[in-house]
Amino acid sequence: MDDLRNKYLAAIADAADEAALEELRVKAVGKKGEVSLKMRELGKMSPEERQTAGPALNALKDEINSALAGKKAALSDAALDARLRTEWLDVTLAGRPRRQGTIHPISQATEEVTAIFADLGFSVAEGPQVDSDWYNFDALNIPGHHPARAEMDTFYMARVEGDNRPPHVLRTHTSPVQIRSMEAHGAPIRIIAPGRVYRADYDQTHTPMFNQVEGLAVDTDISMANLKWCLEEFVKAFFEVDGVELRFRASHFPFTEPSAEVDIRCSWEGGTLKVGEGDDWLEILGSGMVHPKVLQAGGIDPAVYQGFAFGVGIDRIAMLKYGIPDLRAFFDSDLRWLRHYGFSSLDVPTLHGGLSR
Ligand code: DAH
């Protein structure tokens with residue numbers, strides 16, 4: 001009996017898994033197990049022998065059963081431990097930075113322009129993208145026959161049946177916001193108006209929808225000198241360069257007199273554009289002194305007030321600043337492009353904190 005005990009207790013202690021344990025249980029205490037067979041022999045014994053062997057065999061059976069149960073519990077504890085070790089998770093670790101959306105370079109450039117002009121005392125004005133023929137053209141001194149109308153490749157809205165007024169248009173520039181702002185606030189006034197504009201044109205530098213920012217300052221002693229200073233301050237701040245040279249070229253717009261187009265000194269060495277140095281000039285905006293008829297259309301007396309105005313292509317200056325070669329990419333919604341050229345939503349452009357870190 002001692003041999004049996006030693007043999008099974010040792011084997012149970014060494015069992016590697018539950019299958020091995022089950023095999024041992026069958027061999028020892030199963031129906032035809034060694035211990036069970038010994039118990040059957042009790043019938044052939046004398047009553048005296050049975051009195052000692054019977055309880056001893058029962059005790060042995062109990063001992064083996066409890067060793068089996070103990071080992072089974074130990075094995076399942078070990079299995080659980082192993083699983084806990086592999087599925088261990090340190091919840092105190094810092095989160096993994098998962099990059100989500102980014103700020104589109106046009107939104108970024110718009111925020112930058114807004115921050116710069118806010119610092120110069122301009123507030124932001126807005127107007128509708130579908131506007132009347134009057135706001136988009138007539139009020140800006142572009143009458144029906146004027147060639148500028150044809151040059152703007154205008155998208156017209158469908159004409160309302162029975163209505164013989166000219167149809168509304170998708171605004172071809174942000175200049176109508178000048179009129180709306182003068183009507184709403186009178187003079188003096190200082191506003192910029194960023195927003196979408198539309199023209200039927202499509203190539204590497206033109207898309208049917210693009211963005212402009214209009215500027216307007218009206219007061220009793222405004223001159224071309226104020227315009228020049230403001231634009232120089234703006235360009236220096238926007239391109240984040242100190243020595244920037246602008247060239248004012250006489251031009252013509254129906255809504256300004258005199259008018260000037262503004263070029264910025266740049267170089268194209270090695271195919272990359274550098275602003276502020278070199279022998280090339282790049283046109284970036286149109287500007288001038290607001291035409292008296294335009295002031296009048298906005299309800300302001302041109303005998304008392306003068307103003308300057310300008311219009312900049314936001315996409316254009318964003319392309320220049322961030323080295324984006326094709327305008328059309330702005331509107332392709334290509335995720336790889338957006339991740340490459342996008343800005344962190346937490347870096348809000350400010351003049352003191354840096355516009356485009
Ligand atoms: N509206 C013009 C355009 O779309 C840009 C412009 C030129 C705006 C001169 C102005 C200005 O305010 O004075 O091309």
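Both counts, for ligands and for their atoms, begin at 1 and track the order of listing.
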For residues 298-314, please give each side-chain donor-acceptor pair under 3.5 Å, one per line with the distance, not counting sequence neighbours.
from: D301; atom 1: OD1; to: A303; atom 2: N; distance (Å): 2.9
from: Q306; atom 1: OE1; to: I222; atom 2: N; distance (Å): 2.9
from: Q306; atom 1: NE2; to: T220; atom 2: O; distance (Å): 3.1

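For ligand 1, the atoms closer than 4.0 angstrom to any heavy atom of A309 are 12 (O), 13 (O). Counting the atoms of ligand 1 from 1 in the order shown, those under 4.0 Å from a heavy atom of Q212 are 3 (C), 4 (O). Residue-ligand proximity, Q178 to ligand 1, at heavy-atom distances under 4.0 Å covers atoms 12 (O). Those atoms of ligand 1 that come under 4.0 Å of a heavy atom in G288, given as number and element, are 13 (O). Close contacts between ligand 1 and T256 involve ligand atoms 13 (O) [criterion: under 4.0 Å to a heavy atom]. Every atom of ligand 1 is numbered from 1 in the order shown, and the set under 4.0 Å from a heavy atom of G311 is 6 (C), 8 (C), 10 (C), 12 (O).
With a 6.0 Å cutoff to the six-membered ring centre and a 45° limit on the axis angle, R171 does not count as a cation-pi contact of Y135. For the pair K321 and F238, the cation-pi test (distance below 6.0 Å, angle within 45°) is passed.
Under 4.0 Å from ligand 1, the heavy atoms of S175 that appear belong solely to its side chain.
Partners of D326 according to the side chain to side chain donor-acceptor pair (under 3.5 Å) rule, which considers only residues two or more places apart in sequence or in another chain, are R328.
Between F253 and ligand 1, no pair of N/O atoms sits closer than 3.5 Å.
Of all heavy-atom pairs between Y156 and P167, the closest is CD2-CG, 3.9 Å.
The closest approach between any non-hydrogen atom of R199 and ligand 1 is below 4.0 Å. Heavy atoms of F255 come nearer than 4.0 angstrom to ligand 1 in at least one pair.
Between L338 and H104 there is a side-chain heavy-atom pair separated by less than 4.5 Å.
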Check your understanding: side chain to side chain contact (heavy atoms under 4.5 Å, CB included) between H146 and F137: does it pass, once the steps are laid out?
Key -> CA-CA 9 Å; H146 199 284; F137 295 122; over 6 Å; no

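In E269, the CD atom is not crowded: 12 or fewer heavy atoms of neighbouring residues, nucleotides or ligands sit closer than 6.0 Å.
Taking atom 12 (O) of ligand 1 as the reference point, the nearest protein heavy-atom neighbour is E214 OE2, 2.6 Å.
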